[in-house]
Amino acid sequence: MQIIRSSIRYAESYCRAVGSVARERKYLATTEGFPPDSTRAFVQHIEQNNLAQYFAVENNEVIGWCDILPGQYPEMKHVGTLGIGILQAHRGNGLGKTLLDTCIYHAKHYNNIEKTELEVFASNSGAIGFYRKAGFRVEGVRVKARLIDGIYDDIILMYLFI
Ligand SMILES: CC(C)(COP(=O)(O)OP(=O)(O)OC[C@H]1O[C@@H](n2cnc3c(N)ncnc32)[C@H](O)[C@@H]1OP(=O)(O)O)[C@@H](O)C(=O)NCCC(=O)NCCS
């Protein structure tokens with residue numbers, strides 16, 4: 001297993017990994033993933049702008065990813081939004097923590113990001129435990145933000161100064 005910088009070479013594999021976690025229907029805002037073309041453009045943008053996205057790669061396949069991406073407006077570029085996912089079979093082995101630490105280092109030292117924010121479903125107690133352990137704190141709640149299969153879920157907003 002290798003931790004590598006985001007690269008267009010792995011865009012298709014990353015797209016499959018996001019789709020796989022999305023289709024679990026529990027953890028990501030999307031339940032389908034994203035089309036290969038838009039994923040490719042997304043990765044290209046990240047690569048060209050030296051932004052913080054890393055992949056865990058095993059046997060030439062992306063098995064996990066993490067990114068911390070700055071806001072669109074100049075006045076909000078000191079804040080980065082975190083996204084992370086590990087394929088089901090590879091969770092609980094320290095990969096998430098390694099990817100998170102690597103992304104935080106990059107975001108802080110190369111992109112001048114000072115604060116990392118994220119959104120996590122209240123039902124995702126595993127991820128909330130993971131984030132708390134990494135030092136994240138709750139800064140708010142968006143009540144009944146998701147309605148899936150007839151069940152409402154809140155979104156917890158968390159942050160970490162890096
Ligand atoms: C959340 C996720 C990224 C964590 O990655 P991971 O590789 O499974 O976690 P790690 O093995 O690196 O765990 C790192 C630390 O967090 C802790 N942790 C992990 N899961 C935890 C849980 N359910 N409760 C409490 N702590 C937890 C571990 O004990 C570990 O602590 P340690 O460093 O003291 O040993 C991963 O489980 C995942 O992809 N889940 C599904 C997708 C998802 O929820 N994405 C986030 C959407 S907001």
Side-chain angles (χ1 to χ4, degrees), residues 1-7 10-35 38-39 42-43 46 51-72 76 79-108 111 113 115-149 151-162:
M1 197 281 301
Q2 284 177 292
I3 303 290
I4 60 157
R5 284 277 308 282
S6 175
S7 158
Y10 287 100
E12 279 76 23
S13 182
Y14 163 57
C15 184
R16 283 193 293 277
V18 174
S20 166
V21 176
R23 283 189 296 276
E24 292 184 66
R25 297 173 65 79
K26 292 187 217 160
Y27 307 121
L28 305 186
T30 169
T31 54
E32 294 171 359
F34 302 101
S38 59
T39 301
F42 179 64
V43 172
I46 287 169
L51 301 179
Q53 181 178 62
Y54 284 81
F55 297 148
V57 174
E58 191 174 73
N59 298 326
N60 237 15
E61 287 290 330
V62 172
I63 59 170
W65 74 89
C66 181
D67 42 59
I68 299 176
L69 302 177
Q72 185 185 346
M76 294 182 189
V79 179
T81 302
L82 176 84
I84 188 167
I86 310 294
L87 292 190
Q88 194 168 25
H90 298 276
R91 291 178 195 151
N93 295 331
L95 264 188
K97 175 80 171 114
T98 304
L99 281 167
L100 177 64
D101 288 347
T102 308
C103 262
I104 285 177
Y105 184 90
H106 185 118
K108 181 182 167 96
N111 306 139
I113 287 175
K115 181 191 180 193
T116 301
E117 295 179 345
L118 64 86
E119 296 189 351
V120 57
F121 292 119
S123 59
N124 192 357
S125 53
I128 293 170
F130 166 79
Y131 293 134
R132 278 195 185 285
K133 201 148 200 179
F136 284 80
R137 295 289 171 260
V138 172
E139 64 178 349
V141 181
R142 290 171 53 206
V143 178
K144 283 192 170 183
R146 177 159 90 154
L147 175 59
I148 186 164
D149 304 329
I151 296 171
Y152 291 101
D153 205 347
D154 296 346
I155 285 179
I156 312 292
L157 310 176
M158 302 184 83
Y159 74 97
L160 176 72
F161 287 111
I162 61 177

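Every number for a ligand or one of its atoms is a count from 1 in the order of the listing.
Among residue pairs with one or both ends in residues 94-105, those qualifying as side-chain hydrogen bond (donor to acceptor under 3.5 Å, both in side chains) are Lys97-Asp101; sequence neighbours excluded.
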Item to complete: Begin with the C-alpha distance, continue with both residues' side-chain angles, and end with the deciding distance and a verdict on side chain to side chain contact (heavy atoms under 4.5 Å, CB included) for Phe121 and Ile148.
Response: CA-CA 12 Å; Phe121 292 119; Ile148 186 164; over 6 Å; no
Worksheet item: Which is it for Thr116 and Tyr131 under the side chain to side chain contact (heavy atoms under 4.5 Å, CB included) test, yes or no, and what are the steps along the way?
Response: CA-CA 11 Å; Thr116 301; Tyr131 293 134; over 6 Å; no
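No more than 12 heavy-atom neighbours from other residues, nucleotides or ligands sit within 6.0 angstrom of CD on Gln88.
Each of Val21, Tyr27, Ile84, Gly85, Ile86, Arg91, Gly92, Asn93, Gly94, Leu95, Gly96, Lys97, Glu119, Val120, Asn124, Gly126, Ala127, Gly129, Phe130, Tyr131, Lys133 has a non-hydrogen atom positioned under 4.0 Å from some atom of ligand 1.
For Ser125, the side-chain contact (heavy atoms from CB on, under 4.5 Å) test picks out no residue, with sequence neighbours left out. In this structure Tyr159 satisfies the side chain to side chain donor-acceptor pair (under 3.5 Å) test with no other residue, sequence neighbours excluded.
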